[in-house]
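Here is the structure we will look at, set down as structure tokens.
The figures that follow rest on heavy atoms only: side chains count, while hydrogens, waters and symmetry mates do not. Every chain is numbered from 1, with letters handed out A, B, ... down the list of sequences. Quick caveat, the model's predicted, so the values are computed rather than measured.
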Amino acid sequence: MSILVNKNTRVLCQGITGRVGQFHTRGCLDYGTKMVGGVTPGKGGEKVEGLPVFDTVAEAVQETRADATMIFVPAAFTADAILEAVDAGIKVIVAVTEGVPALDMARIYGRVRASQSVLIGPNCPGVITPEECKIGIMPGYIHKRGKVGVISRSGTLTYEAVWQLTNLGLGQSTCIGIGGDPIVGTSFVDLLARFEADPGTEAVLMMGEIGGTAEEEAAAFVKANMTKPVAAFIAGRTAPPGKRMGHAGAIISGGKGTAAEKIAALESAGIVVAESPADMGTAVKRAMERGRPRRLATKRRVANASAKSSRHSGNSRGRVRGSTKRSSRRALAGKSRKRAGR
Amino acid sequence: MKIHEYQAKQILKAAGVPVPRSAVAATPEEAAEAFRQLGSPVAVVKAQIHAGGRGKGTIQGTSFRGVQLVQSAEQAADAARSLLGKPLVTIQTGPAGRVVRHVLVEEGCDIARELYVGIVLDRAASKPVLMASSQGGMDIEAVAAKTPHLIFKEHFCATGGLAAFQARKMAWRLELPAASLRSAESFLRGVCRVFLDADCSLLEVNPLVLTGAGELVALDAKINFDDNALFRHKDYAALRDLSEEEPAEVRAAGAGLSYVKLDGNIGCLVNGAGLAMSTMDLIKLHGGEPANFLDVGGGANVDQVTEAFRILLSDKNVQAVLVNIFGGIMRCTTIASALVTAYKTVGFSVPLVVRLEGTEVKEGRKIIADSGVNIIAADGLTDAAKKVVAAAAA
């Protein structure tokens, strides 16, 4: 089992005629991903890597029944490409492009979240369910099918962690790079909820970094809702304040968003935090041996049940976030109470 | 990207947001002329540097403040003379200070109340947020820490901007007089519009002044732009003042590299921001001090990597270099070729430890092994860190 994508996922590439789009389309095909076509406005009718190219995403979906897309268009056009994919009803949208203006994302964020689509990224390596489906730019061979879910704000740091897991014999259910920008389509919390509900996932490794409060929100979610063991690593303990560390979102501003704050929040939620990036894999091992605090163990059955019911309801995507966080959590709690009562 | 106060005020003024009348001067004579042109009995001469705390900051080795009140053209010239060409030290500049190259000569303002207004992108809400406080003129981070209830927040639509009712709500919370409502509405909606139209990452007016006449005026202004959006604002991109930035960081940015200089002695070159930060942390964890953050990015070519090495080696503190590459987009063969080229072109005066993993790793390792260059190969992260820390200490 996995989350978001599997061997049946039918994938498009937006920007397939570009050098990078074509290169990674080839890489995904080689991995065994069911690539079904590409989109480049004005180049409909061409073929790239043996796949048909369409002028619009809508046409591509109609012709290929694609349900996922990876976006490699230039940063200036990425927000529009995301909206085009949303409009065409694509379920999983992976925006790899780096350098998207932050306000472009702010402008489309509400529309994306209100849709049936899940946006991963931008500025991310993508999503992979090992040995089934790779959507993005990660080196496929480092992954191994298994039961650890991986979530990260980084690219290469994720590869590093996955490689450690694989070498420890810990395969992965699904690995997601959520992106290094200030605004990304999917948060740690969204994916933790999905992994908690996924019977194929037994533990989760999350890699955060300085800037923002996404890790603190994740810690609060884990504390309240996760029955599965969680390990973490936070990059940037040595990062100076006020300096952007490569990722647009990796900045300590106004003294907020430090690695120390995040590590403290994660540890207080019972998450095993690796001190060295060399120990991300072993941290997962330790977390699995230790398990979650006992008080949550009784919740497990209930949480699984409610997660199942929300999957069946079709419109819930396991999302708990921002201003709706409290209400979602209430809804979850309410559901749990109801179930427990039966 | 940061800009100067006078540039930020020009942008606000062009958007119809009230700012005091002022002129920029690069010489004492220009400052005197600016005072005469203003025709105001009192003016303020303000040092223009990319750092806050100017009012309390002083010119290095003197008691001259970064912001001075003047009452004649002669005084304006004297104030300018005390500032121009000299390093101003504030709480934000560090002990070296920043050299003042321009001063802003601005008419005096009849201040009834000092307020604060700031706009940033609220990452948790994924929306821009207008923040305002009645505690203007002060360090807003201190206000936020001590009295958070005195900071009011209003999220607004990134497309539509701040709605009129939201501006009125804010004016009401700030307890502005009813007569100032229209001015507040226009001012607050104006700054929010500038934030959106100019693709700012920060817009701050501190203090925002309520004048005796009941008008709101931006007495100070700070604007940071989203670097990722500068491609569509060529006019703002031209406002960049490279003299305010770390030369090595400017050079790196020109080559498409992300570089931040630190104080340690172990240079590092890594692909990917998260891994680059982790590599710094790893060096520290094993008893070393990182000299920099350097992300060569996903699509770095031989030229970029070569330039990256040159930048690292130009830092005289660097006593050893660690290359840590996990190839995804960038193949290990690319970095290996670049390493060899760089080694031969620039000549490594310090030990170089290389740890490669990922796409085409075998071929990459072979390129290095066959090249005959003196590189210390590392097996894994911990091994790499230990070897580079030992090499730097040797």
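Annotation: the span from A:Phe188 atom CZ to A:Leu266 atom CG amounts to 8.5 Å, rounded to 0.5 Å.
The backbone N or O of B:Asp122 sits nowhere less than 3.5 Å from a side-chain atom of B:Ser126 that would complete a donor-acceptor pair. When atom types are taken as modelled, the side chain of A:Thr258 and the backbone of A:Glu261 share a donor-acceptor pair closer than 3.5 angstrom. A:Asn167 places no side-chain N or O within 3.5 Å of a backbone atom of A:Gln164 that could act as its donor or acceptor partner. The backbone N or O of B:Glu363 lies less than 3.5 Å from no partner atom in the side chain of B:Thr333, so there is not a single donor-acceptor pair.
Of the atoms belonging to B:Phe195, heavy atoms from both backbone and side chain fall under 4.5 Å from chain A. With a 4.5 Å cut-off on non-hydrogen atoms, B:Asp281 touches chain A through its backbone and its side chain both. Looking at B:Cys157, there are no atoms closer than 4.5 Å to chain A (heavy atoms on both sides), in backbone or side chain. With a 4.5 Å cut-off on non-hydrogen atoms, B:Glu289 does not touch chain A at all. Proximity to chain A (any heavy atom under 4.5 Å) is restricted, for B:Leu262, to the side chain, taken from C-beta onward. With a 4.5 angstrom heavy-atom cutoff, A:Ile234 touches chain B only via backbone atoms. Using a 4.5 Å cut-off between heavy atoms, A:Val184 makes no contact with chain B at all.
Residue with the most contacts toward chain B among A:Ser253, A:Gly212, A:Gly236, A:Ala250: A:Gly236 (heavy-atom pairs, distance under 4.5 Å). Of the listed residues A:Gly99, A:Ala106, A:Ala278, A:Ala75, the one with more heavy-atom pairs under 4.5 angstrom with chain B than any other is A:Gly99. The residue among A:Gly242, A:Ser152, A:Ala76 with the most heavy atom pairs within less than 4.5 Å of chain B is A:Ala76. Of the residues considered (A:Gly140, A:Ala239, A:Ala102), A:Ala102 shows the highest number of contacts with chain B, using heavy-atom pairs under 4.5 Å. Per-residue heavy-atom pair counts under 4.5 Å with chain A were compared for B:Arg123, B:Lys284, B:His286, B:Met277, and the maximum is reached by B:Arg123. Between chain A and the residues B:Gly274, B:Gly264, B:Ala384, B:Ala276, the largest count of heavy-atom pairs under 4.5 Å involves B:Gly274.
Contact between A:Arg153 and A:Gly211 at its shortest, heavy atoms only, is NH1-O, 3.1 Å.
For B:Glu245, the salt bridge (charged side-chain N to carboxylate O under 4.0 Å, His left out) partners are B:Arg240, not counting sequence neighbours.
For A:Lys243 and B:Glu246, the salt-bridge test fails: no basic side-chain N is under 4.0 Å from an acidic carboxylate O.
Using bins of under 30°, 30° to 60° and over 60° for the plane-to-plane angle, the ring pair A:Tyr141/A:Trp163 lands in the perpendicular bin.
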